[in-house]
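Below is one structure, written out as structure tokens, with a few remarks after it.
Letters A, B, ... mirror the listed sequences (proteins, then strands); counts begin at 1.
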2 protein chains.
Amino acid sequence: MPDETHAPAVTPKAAYHHGDLRAQLITAVRGLVEAHGPDGFSVAEAARRAGVSSAAPYKHFKDRHEILRGVVSEAMDRLHAAMEAAAAAQPAGSLDAVAAIGLAYVDFARAEPGVFRLVFGLTEGHENAPDLQQKGESCLGVVVKAVAARLDLHPNDPEVQRRAYILWSFVHGHSFLHIDMKTKVTTAEIDDWEYLMEISRAILAQAARSQS
Amino acid sequence: MPDETHAPAVTPKAAYHHGDLRAQLITAVRGLVEAHGPDGFSVAEAARRAGVSSAAPYKHFKDRHEILRGVVSEAMDRLHAAMEAAAAAQPAGSLDAVAAIGLAYVDFARAEPGVFRLVFGLTEGHENAPDLQQKGESCLGVVVKAVAARLDLHPNDPEVQRRAYILWSFVHGHSFLHIDMKTKVTTAEIDDWEYLMEISRAILAQAARSQS
DNA sequence: GGACTAAAGTTAGCATCTCTAACATGGATT
DNA sequence: AATCCATGTTAGAGATGCTAACTTTAGTCC
């Protein structure tokens, strides 16, 4: 097997004794977070699941917060990819592209509520994590791109930025509310697609008229 | 002193030896959550702050989750009150009333980001907590009431419910995004009031036209 | 007033967790 | 082959969650 790519783009070291423990720990923690909630995980349990001693993780991560940051980072990559893919599957510049991005977002939240909450609930060791900050902005960038295409404006146009942010706020809030009161949705059943299309239409409808 | 009301509506027991430890613990935990993040609190530290032994809290709360639920419950009461007050300060049925409720929400998130996150991030012991569930719906009720007044429809009208939910989603998402990337707002400075007014106008503008 | 009861607090202690220190091992480089 | 260092191990200190068993105090009933 001539593939020397034992560096999965995360760290240039990850396949010595164990296989690659780092990735396996992140997977284990992801599972724990999903099973027992964002704070219901322990380094010890993750190590146990990965079949190593409880001290092994500290060779890969400084402390428990850094492990969580690893999970978040990986999750944001997947979220970003999902958003891009959703947009790419629709005609460029279409309203459907915007709605599809939103749906991908909601779907992610629904599929992995624990991780989703973790991504947007990190505060402990998250203070100065420029990489995560940048990944977040990168996700917003997907929305901005689609909105810009739809409005036929430059992505840097403040009008584009504003509307993209509004859309993101809505989708973000909807996702959170959705996973919070999972079954007990006060507003009855909601067809997400119709819903997102309607919002997108409403927010992107009227032409640029900033007057503040 | 003929007042036998030593039951402060929370529990019929709360003023023996210590004063009332229960409330004091909740206050302490609130401070800890605000200072060190939602999961950066410990029962031991809270007890220390209240000046009691580390086992004392368990006379008032079953476990750590129940303490958090207490904090959340108290916070939701305050949030609800703030929303009501904001609405009451504006003309009934006005767009300003709707926007004011949203502003109160955002202000709460900004003032107590840790607690805010806790309120909407609880998952551990939150599973079956009908009281919290009900308080959440009660908050939504404030929005519904204002929207119904604005549209001159009955609060039970599905159109009202839908638009109120949309508005809440947006405000909720905005609040979260705001406290997440606190200083680093991509979309530059935002005048919340103008912002909320614009959204409210957009969402409540067109007349009822459900066609799904 | 004095004895009983139960609430509210204390100390002691077990199991668990985080993280560090000191040691062991085995791949990769030279 | 010798060496180095990443990666793992065990041992252990310190802190935490929570329980058990005991003590203190306030209210109640006679």
## Note on the structure
In whole angstroms, the gap separating P of D:dT16 from NE2 of B:His65 amounts to 17 Å
### Message
Does A:Ser53 reach a base, just sugar-phosphate, or nothing at all? Heavy atoms under 4.0 Å.
### Response
base
### Message
So, does A:Arg22 get its side chain near the phosphate of D:dG8, meaning an N or O under 4.0 Å from OP1 or OP2?
### Response
no
#### Entry: Nucleotide D:dT7, atom C1' - distance to CD of A:Gln24 in whole Å
14 Å
#### Entry: Position toward the 5' end of DNA chain C (nearest nucleotide), A:Lys59 or A:Glu45
A:Glu45
### Query
Tell me: CZ of B:Arg64 to C1' of D:dT19, nearest whole Å?
17 Å
### Query
Just how far, in rounded Å, is P of C:dT20 from NZ of A:Lys62?
8 Å
### Query
What class does the angle between the rings of B:Phe116 and B:His172 fall in, given that below 30° is parallel, 30 to 60° is tilted and above 60° is perpendicular?
tilted
### Message
Could you tell me how far apart A:Leu68 (CG) and C:dT18 (P) are, to the nearest whole angstrom?
### Response
10 Å
### Task
Give B:Ala55 one of three labels, base, sugar-phosphate or nothing, depending on what nucleic acid heavy atoms sit under 4.0 Å from its own.
base
### A:His60 side-chain N/O to D:dG8 phosphate OP1/OP2 under 4.0 Å
yes
### Task
Name the residue closer to the 5' end of DNA chain C, choosing between B:Ser54 and A:Ala44 according to the nucleotide with the nearest heavy atom.
B:Ser54
### Message
Taking the minimum atom-to-atom distance to the side chain of A:Leu21, which one of D:dC18, C:dT10, D:dG8 wins?
### Response
D:dG8
#### Entry: Nearest-Å distance for atom pair CG/P, residues B:Leu25 and C:dA8
12 Å
### Task
May I ask you to check whether A:Tyr105 and A:Phe170 place their ring centres under 6.0 Å from each other?
no
### Length of the line joining B:Asp39:CG and C:dC17:C1', which is rounded to integer Å
15 Å
### Query
Between B:His174 and B:Asp192, do the side chains contain an N or O donor and an N or O acceptor separated by less than 3.5 Å?
yes
### Query
Backbone N or O of B:Arg69 within a donor-acceptor pair of the B:Ser73 side chain at under 3.5 Å?
no
### Query
Just by distance, do the side chain of A:Asp63 and the backbone of A:Glu66 share a donor-acceptor pair under 3.5 Å?
yes
### Query
Taking OH from B:Tyr58 and P from D:dT16, how many angstroms apart are they, rounded to a whole number?
11 Å
